[in-house]
Every structure is written in C-alpha cells, then in structure tokens.
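Chain identifiers are assigned alphabetically (A, B, ...) following the order of the sequence lines, protein sequences preceding nucleic acid strands; residue numbering begins at 1 within each chain. Only heavy atoms go into these numbers, but all of them, side chains included; no hydrogens, no water, no symmetry mates.
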Protein chains: 2
Amino acid sequence: MGEGVEWAVHCCLTLGWLGDDQPVSTARLAAGYELPPAYLNKQLQALVRAGILTSTAGARGGFRLGRPLDKITLLDVVTAIEGPDEAFQCTEIRQRGSGAESPARSFVAPCAVSTAMRKAELAYRRALAAQTLAEVKVAAERHVPRLEDSVRRWYGRG
Amino acid sequence: MGEGVEWAVHCCLTLGWLGDDQPVSTARLAAGYELPPAYLNKQLQALVRAGILTSTAGARGGFRLGRPLDKITLLDVVTAIEGPDEAFQCTEIRQRGSGAESPARSFVAPCAVSTAMRKAELAYRRALAAQTLAEVKVAAERHVPRLEDSVRRWYGRG
DNA sequence: GCCACGCTACTCGGATACTAAGTGTCCGAGTAGACCGGG
DNA sequence: CCCGGTCTACTCGGACACTTAGTATCCGAGTAGCGTGGC
C-alpha cells in the first residue's frame with residue numbers, strides 16, 4: 001500500500017482541526033508534515049476527485065473538507081488513493097491448462113480461491129468503512145491532550 | 001498484491017488432490033495452469049521456506065505438502081508469498097514538522113491513524129487465518145463435481 | 001547372474017535482466033486580491 | 001474620497017522524469033535412477 005494513504009488521512013484530520021473557514025494550501029499542509037509539496041498535491045487531487053475534499057484555485061486558495069469528518073470513512077480515503085479495485089485479482093488460472101478440458105462449466109462455477117480471498121478482503125473493507133475520520137480524530141485527541149490547540153497554533157490559528 | 005498468491009493456493013490444492021505419494025515437479029504444475037515454470041518455481045521456493053511445502057531435488061523430485069491442508073491457512077500462504085510485514089506502514093509523519101515541537105510525548109502516544117488501520121488489517125488477517133486450504137478445497141469440489149478425478153486424470157493419476 | 005561403479009537426465013535453488021507501478025518534480029492555466037489611475 | 005481596470009502573486013491541475021518492487025528468465029549444484037563393466 002502506498003504511503004499516500006497515511007498522508008491523506010493526516011491531512012484530512014488537520015483540515016478538521018483547522019476548520020472550514022478558509023482553505024489550506026498544499027504548501028502549508030506539506031510544511032506541517034515535511035512532505036514533498038508537489039507530490040502531496042497529487043494525492044490531494046485524488047481526494048478531490050473522490051469528493052472528499054473541495055479545491056479552490058487562485059490566490060488564498062487551497063483545500064477544504066467536502067463533508068464533515070463523521071461522513072468520511074477510512075474506506076473512502078483508501079479507495080480514493082489506492083483505487084477502487086481490490087488487492088487480490090483472480091486471473092482464472094484454473095481455466096487454463098488442465099481446466100481447459102471443460103470450458104462449459106468454467107463460467108458458471110465461481111472460483112473457490114477467489115471467493116475465499118474476497119471474503120477476507122470484504123472483512124477488511126468492512127472494518128475500514130466502520131471507522132470514520134471523526135472517530136480517529138477523537139482517538140488522537142484522547143491520546144494527546146491539547147492537540148487541537150497545538151495544531152491551530154502551529155498553523156497560525158487556522 | 002502479487003499474482004503469486006493465486007498461483008500458490010492453486011498449486012497447494014493440486015498437491016492436495018494428487019496426494020503425497022510422490023513429489024510433483026514445477027514443470028508439471030506450471031503446465032497444468034500454463035504458467036511460466038521458472039517464475040512459478042520461485043514462488044514455490046517461498047512456500048518451502050515457510051514450511052508449507054517440502055522439496056526433494058534430483059530426478060523424479062519435486063514438491064510435496066509440508067503438512068495436511070487443514071493445517072494450512074490462507075494467511076500462511078499470503079504471508080509466505082507477500083512477506084510478513086503488513087500493507088499499511090506508519091512512517092510517523094505526525095512527529096515531523098508541526099509535531100516536532102513536542103518530542104517528549106512522541107514515543108509514548110500511539111498514532112491514532114496507525115491504530116485504526118491496524119484494526120482493519122487485523123480483521124483481514126483474522127479472516128484469512130480462519131480459512132484453511134482444506135475448506136477451500138471442499139468448496140471447489142462442491143462447485144465442480146468430479147473435480148478430484150478430473151485433476152488426477154489430467155496429471156496422469158498423480 | 002549379481003554387484004559396484006560411473007554416467008546421464010532431471011530437479012531444485014539462487015543469481016541475473018526486464019517491466020510496471022509508485023514516487024517525485026516541473027511548468028502552465030486560472031483566479032483572487034492588491035495596486036493604480038481616473039472621476 | 002470612491003470606483004473601475006489592470007496587474008501581480010499565488011494556487012491548483014496535469015504532464016513529464018526517476019526509483020523501487022514485482023515479473024520473468026537463465027544457468028549452476030545436487031541427486032536419483034539407469035546402463036555398463038567387472039567379478
């Protein structure tokens with residue numbers, strides 16, 4: 001999994017702490033985590049395409065949350081960055097070679113291996129979808145007191 | 001996720017159908033699924049290193065199951081092929097930049113993002129560990145009747 | 001006829017190229033605000 | 001003093017290099033069985 005996911009989640013949380021009053025530019029977000037600005041911008045563009053963020057161009061432009069954090073799940077972010085298709089891709093190798101002798105039943109019977117892998121991946125996606133960014137934000141604040149104030153202060157009170 | 005996982009699972013199932021009487025070479029397994037033999041051999045080597053398979057060199061050599069299929073989980077195969085480390089790697093970007101002002105608490109407080117992602121990935125691994133290759137084999141036989149006979153016949157009765 | 005030796009064919013195993021996805025960077029299009037001149 | 005136009009600075013957005021992981025291949029080390037020669 002690419003590291004863009006980590007960047008995206010942290011940036012969304014930061015946007016949540018700073019509030020939607022005014023957009024935050026890529027440069028400031030990148031400076032906050034010491035990330036390459038241009039590449040971070042690429043990831044944020046993916047979030048915009050997914051509707052998680054909204055972007056405003058021009059001077060004093062930047063990124064804003066597209067909807068409140070409790071309406072954004074971890075699955076939304078992962079899907080936006082990593083793409084919609086799941087990790088395990090069944091290439092139907094069972095139909096090649098020895099399985100080729102019976103082409104008739106090839107398309108009706110599901111691949112047992114694929115089914116088993118999909119079951120696990122579904123559990124993964126369910127666990128991701130069950131967690132909203134609002135919950136993650138609360139957990140972070142619970143671990144570190146005064147976190148929101150600290151962030152707002154660092155970014156120049158948002 | 002690499003396609004080697006699919007190859008590995010199918011090969012293990014085939015070895016289960018053929019029985020452990022005599023080892024099966026890479027060439028025959030590769031011919032059964034029309035896969036590149038040398039590369040498949042590489043994946044099988046990974047399974048041997050993980051203890052899932054045992055290899056015997058020399059003429060009439062090949063691969064055998066290291067233990068019965070009901071003692072091999074999907075997680076075992078995935079870990080053997082993809083490696084032990086999990087997909088999401090926390091690089092602790094929260095400590096860089098804005099978070100650097102408080103280095104003291106950096107190592108005590110866990111990263112909320114990492115915790116959330118790990119929770120999902122744990123669900124994934126649990127779902128993988130809950131399924132043994134024996135169960136997958138039974139499922140495949142349920143979908144396609146006479147499957148074992150068909151496989152044994154294609155491989156020259158094992 | 002039986003046994004020991006050597007030989008060949010076959011297999012795994014790791015070292016070596018090739019390809020694609022992920023990572024990182026740069027430059028152009030567009031906009032909002034600021035500055036300046038005129039009324 | 002107020003308003004409109006222009007101009008600049010800043011931002012997003014996509015197009016262009018670079019690096020690492022994954023894919024594919026080849027060749028060497030080692031072994032089991034078979035053939036051959038000797039006893």
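Residue A:R60 comes nearest to A:P23 through the heavy atom pair O-CG, 3.5 Å, listed as atom of the first residue, atom of the second, then distance. Smallest separation of non-hydrogen atoms from B:Y33 and B:T14: OH-OG1, 2.6 Å. Heavy atoms only, all atoms of each residue included: A:I81 and A:A46 are closest at CD1-CB, 4.3 Å.
Straight-line distance from the CD atom of A:Q22 to the P atom of C:dG33: 11 Å, rounded to whole Å. Atom CG in A:N41 sits roughly 13 Å away from atom P in C:dT25 (whole-Å rounding). At whole-Å resolution of the value, CH2 in A:W7 and P in C:dG22 are 14 Å apart. Atom NZ of B:K42 and atom P of C:dA17 are 14 Å apart (whole Å). For the pair B:Q43 CD and C:dG13 C1', the interatomic distance rounds to 14 Å; values are reported in whole Å.
Atom CD of residue B:Q131 and atom NZ of residue A:K119 lie 4.5 Å apart, to the nearest 0.5 angstrom.
With distances taken from any side-chain atom of A:A38 to the nucleotides C:dG33, C:dC26, C:dG14, the minimum falls on C:dC26.
Although no hydrogens or angles enter the test, the distance criterion places a donor-acceptor pair under 3.5 Å between the side chain of B:E121 and the main chain of B:A87.
Residues B:R49 and A:G4 both approach DNA chain C. Their nearest nucleotides, taken by heavy-atom distance, put B:R49 toward the 5′ side. In terms of position on DNA chain D, the residue among B:E82 and B:L40 whose nearest nucleotide sits closer to the 5' end is B:E82.
For A:E135, the salt bridge (Lys or Arg N to Asp or Glu O under 4.0 Å) test picks out no residue, with sequence neighbours left out.
Contacts between residues 50-59 of chain A and DNA chain C, counted as heavy-atom distances below 4.0 Å, involve A:G58, A:A59.
For the side-chain contact (heavy atoms from CB on, under 4.5 Å) with B:C111, the lone residue among B:E92, B:M117, B:R118 that qualifies is B:E92.
For A:W17 and A:Y155, the ring centers sit 6.0 Å or farther from each other.
Not one side-chain nitrogen or oxygen of A:Y39 sits closer than 4.0 Å to the OP1 or OP2 atom of C:dT25.
Bounding nucleotides for the chain B contact on DNA chain D, 5' to 3', at a heavy-atom distance below 4.0 Å, are D:dT23 to D:dA32.
Side-chain contact, A:E3 with B:T91: no donor N or O sits under 3.5 Å from an acceptor N or O.
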